[in-house]
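All values below come from the heavy atoms of this structure, side chains included, with hydrogens, waters and symmetry mates left out.
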Amino acid sequence: MQYFKPERADQFVGDCMPFFHDGVFHLYYLLDEGHHSALGGLGGHQWAHTSSPDLIHWTHHPLAIGITEDWEGSICTGSTFFHAGVYYGFYATRRRDQTQHLSLATSADGIHFTKTQPNPLASPPPGYNPYHYRDPFVFQDEQTGQFHMLVTAWLDDYPLANLGGCLAHLVSADLRHWEHREPFLIPGYPGAPECADYFRWNDWYYVLFSHGLVTRYRMARQPFGPWLRPAVDVLDAPLARVLKTAPFTGNRRIGAAWLGTREGDRDAGHFQWGGHTLFREVIQNADGTLGTRFVPEMQLAEAMPCALTLTALTAGVAGKPEQFHLAGNEGLAVAALATAPRAGRLMARIIPGAGMGTFGLRFRGAGRFEAGYELRFAPHTRTVALFDTTIEAVAGLDQPFELEVVWQDDIIDVCIDGRRCIVNRCPEPRGEQLFVFCHNGGITVEGLTVTQARKQPPACA
């Protein structure tokens with residue numbers, strides 16, 4: 001399921017809604033057609049569903065919640081909640097007039113859902129914008145047993161212009177009758193905070209929301225705040241769109257997001273709504289802050305090693321493919337490695353020298369270092385860039401770290417020291433070479449391996 005999209009060329013994965021219960025990990029997701037263009041731009045989304053007991057073997061199920069009424073323009077993002085033998089699928093409905101309302105469907109098995117009446121279940125109350133009322137997320141207060149719902153919303157009369165986006169807060173005793181409370185969080189960003197997620201993990205409480213499709217989080221010691229903004233509040237990378245999480249066996253948390261496609265499959269093409277799935281393991285640091293890494297169960301299957309050769313393109317290159325050193329103290333040092341497979345995985349330990357400038361790799365390159373998609377590490381600015389996207393505040397780039405890179409079709413996915421990730425779409429490769437470089441300093445690369453799948457995946461696996 002990593003990097004999955006439906007087989008139909010015009011269908012894509014939209015917002016993901018992971019859920020775990022009774023030993024089974026469920027992924028509900030918005031089935032998208034034409035990058036949010038269906039039904040005249042309303043979306044026309046429906047809940048698709050797949051599940052797995054081990055994150056390896058997956059079963060695809062029929063649509064969980066679909067469009068069944070003429071007035072439904074889209075079955076929007078929501079959440080699944082299990083209580084007293086019933087699966088509750090809370091979702092938003094976008095009507096043909098663009099207004100948004102909350103709805104509910106229930107199920108005995110988590111697969112076959114029936115919409116309940118009244119439908120919609122709830123609509124925006126006075127003071128809330130009727131075009132921003134979506135993405136319901138439900139949880140239960142462990143102490144009181146009361147149910148809570150967080151909803152993407154907009155306060156019409158907020159005193160600051162264009163900053164009235166909030167997570168509305170509703171409460172219920174029975175999961176069917178809901179009452180409004182004061183907003184749960186007003187993060188202070190332009191636009192409405194979307195697709196909330198809330199959970200407790202090892203005595204910390206977290207609330208996640210997306211702003212401009214980028215997932216951010218806040219943390220607290222108490223269930224309802226006060227909410228603290230961590231120094232790095234972006235969870236994963238900017239292109240991991242609308243990441244939401246669910247627990248998994250062994251006190252783990254698994255995140256699921258979508259990676260959009262580029263218009264026209266061009267490097268300069270803007271990112272479209274909907275694409276392929278992107279899974280992450282969420283990690284909790286000692287101070288309660290969060291990070292992400294690759295999910296071990298979802299690695300490249302049936303991998304076999306590639307034979308490597310090392311070619312020095314400049315002075316300052318010494319060693320063999322498994323371990324080599326680049327010294328570019330007064331400029332740039334570059335080495336080329338053997339042809340990389342179409343779908344592959346690279347693993348290495350990177351040891352930067354003291355006072356290192358920048359270093360990295362170029363994938364799918366050609367010629368004498370004149371092309372390729374660059375992965376660049378800059379210890380002095382604590383940034384990592386992959387082609388045209390960047391993550392910031394990446395600590396430890398001046399110390400030895402483990403590097404893992406996976407690429408498949410136009411996706412390049414990077415995990416840095418098992419704690420930070422960055423991903424991008426790179427649809428116009430110039431060649432098949434792999435370069436390693438350093439600029440104004442030296443690096444040592446140890447344990448470099450490149451593996452490929454024994455059977456190359458289809459374009460839309």
Side-chain angles (χ1 to χ4, degrees), residues 3 262 265-269 299-300 303-328 331-352 356-378 384-390 401-416 422-457 459:
Y3 317 130
R262 288 186 185 264
D265 291 327
R266 306 286 294 179
D267 285 348
Q299 298 295 348
L300 191 66
M304 61 181 182
C306 298
L308 299 177
T309 60
L310 182 70
T311 302
L313 299 185
T314 67
V317 178
K320 53 187 178 180
E322 296 78 13
Q323 180 171 334
F324 57 92
H325 182 77
L326 272 64
L332 185 66
V334 180
L337 290 162
T339 299
R342 181 169 64 87
R345 177 187 182 200
L346 178 147
M347 300 186 70
R349 179 172 176 81
I350 309 296
I351 306 174
M356 181 69 235
T358 59
F359 58 91
L361 300 92
R362 281 190 184 179
F363 295 88
R364 296 171 173 166
R368 295 178 299 171
F369 200 59
E370 68 254 29
Y373 295 106
E374 190 162 280
L375 172 63
R376 178 178 290 266
F377 301 90
V384 178
L386 175 59
F387 184 33
D388 60 357
T389 190
T390 302
F401 65 87
E402 305 296 325
L403 176 66
E404 184 173 0
V405 184
V406 174
W407 59 94
Q408 177 177 309
D409 299 317
D410 64 347
I411 299 171
I412 300 179
D413 202 3
V414 179
C415 183
I416 305 155
I422 184 171
V423 65
N424 207 338
R425 290 272 192 186
C426 304
E428 295 185 86
R430 306 308 196 269
E432 297 180 337
Q433 288 184 275
L434 175 65
F435 300 107
V436 183
F437 68 90
C438 71
H439 196 194
N440 296 123
I443 61 168
T444 298
V445 180
E446 293 183 345
L448 176 67
T449 61
V450 176
T451 55
Q452 66 176 334
R454 294 184 185 277
K455 181 179 180 181
Q456 294 293 289

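- When the salt bridge (charged side-chain N to carboxylate O under 4.0 Å, His left out) test is applied to Glu432, no partner is found at least two apart in sequence or on another chain.
- Under the salt bridge (charged side-chain N to carboxylate O under 4.0 Å, His left out) criterion, Glu428 pairs with Arg266, not counting sequence neighbours.
- With sequence neighbours left out, the side chain to side chain donor-acceptor pair (under 3.5 Å) criterion links Glu402 to Arg349.
- Atom OG1 of Thr390 is separated from atom CD1 of Ile422 by 6.0 Å, given to the nearest 0.5 angstrom.
- Contact record, Ala333 with Leu326: O-CD2, 3.4 Å, taken as the closest heavy-atom pair.
- By the side chain to side chain donor-acceptor pair (under 3.5 Å) test, His325 is found to be paired with Thr444, residues two or more places apart in sequence or in another chain being considered.
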* CA sep, side-chain torsions, deciding dist, call: Val384, Val414, side-chain contact (heavy atoms from CB on, under 4.5 Å) -> CA-CA 10 Å; Val384 178; Val414 179; 5.7 Å; no
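- Summarising the geometry, atom OG1 belonging to Thr451 is positioned 9.0 Å from atom CD belonging to Gln299; distances are rounded to the nearest 0.5 Å.
- Taking all atoms of both residues into account, the shortest heavy-atom contact from His439 to Gly331 is CD2-O, 3.1 Å.
- With sequence neighbours excluded, the residues satisfying side chain to side chain donor-acceptor pair (under 3.5 Å) with Asp410 are Arg425.
- Side-chain contact check for Val450 versus Leu337: every heavy-atom pair is 4.5 Å or farther apart.
- Side-chain atoms of Gln433 come within 3.5 Å of backbone N or O of Gly367 as a donor-acceptor pair.
- Listed by chain and number, the residues in a salt bridge (charged side-chain N to carboxylate O under 4.0 Å, His left out) with Arg368 amount to none (sequence neighbours excluded).
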* **Asn424/Tyr373 under side-chain hydrogen bond (donor to acceptor under 3.5 Å, both in side chains): CA gap, chis, key distance, verdict** => CA-CA 10 Å; Asn424 207 338; Tyr373 295 106; over 6 Å; no
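- Looking at residues two or more places apart in sequence or on another chain, you find a side-chain contact (heavy atoms from CB on, under 4.5 Å) between Ala348 and Leu346, Ile350, Val445, Leu448.
- The OG1 atom of Thr449 sits 9.5 Å away from the CD atom of Glu322 when rounded to the nearest 0.5 Å.
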What donor-acceptor contacts under 3.5 angstrom involve side-chain atoms of residues 307-319, with partners at least two apart or in another chain?
unit_1: Thr314; atom_1: OG1; unit_2: Val334; atom_2: N; d: 3.0

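- Looking only at side-chain heavy atoms (C-beta outward), Gln323 and Ile351 stay at 4.5 Å or farther from each other.
- Proximity of Phe377 to Phe401: side-chain heavy atoms (C-beta onward) are separated by under 4.5 Å at one or more points.
- Asp265 is linked by a side chain to side chain donor-acceptor pair (under 3.5 Å) to nothing, counting only residues two or more places apart in sequence or in another chain.
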Show me the side-chain donor-acceptor pairs of residues 356-366 shorter than 3.5 Å, one per line, residues at least two apart or across chains.
unit_1: Thr358; atom_1: OG1; unit_2: Arg376; atom_2: NH1; d: 2.8
unit_1: Arg362; atom_1: NE; unit_2: Glu374; atom_2: OE1; d: 2.7
unit_1: Arg362; atom_1: NH1; unit_2: Phe369; atom_2: O; d: 2.5
unit_1: Arg362; atom_1: NH2; unit_2: Glu374; atom_2: OE1; d: 3.2
unit_1: Arg364; atom_1: NH1; unit_2: Asp409; atom_2: O; d: 2.7
unit_1: Arg364; atom_1: NH2; unit_2: Asp409; atom_2: O; d: 2.2

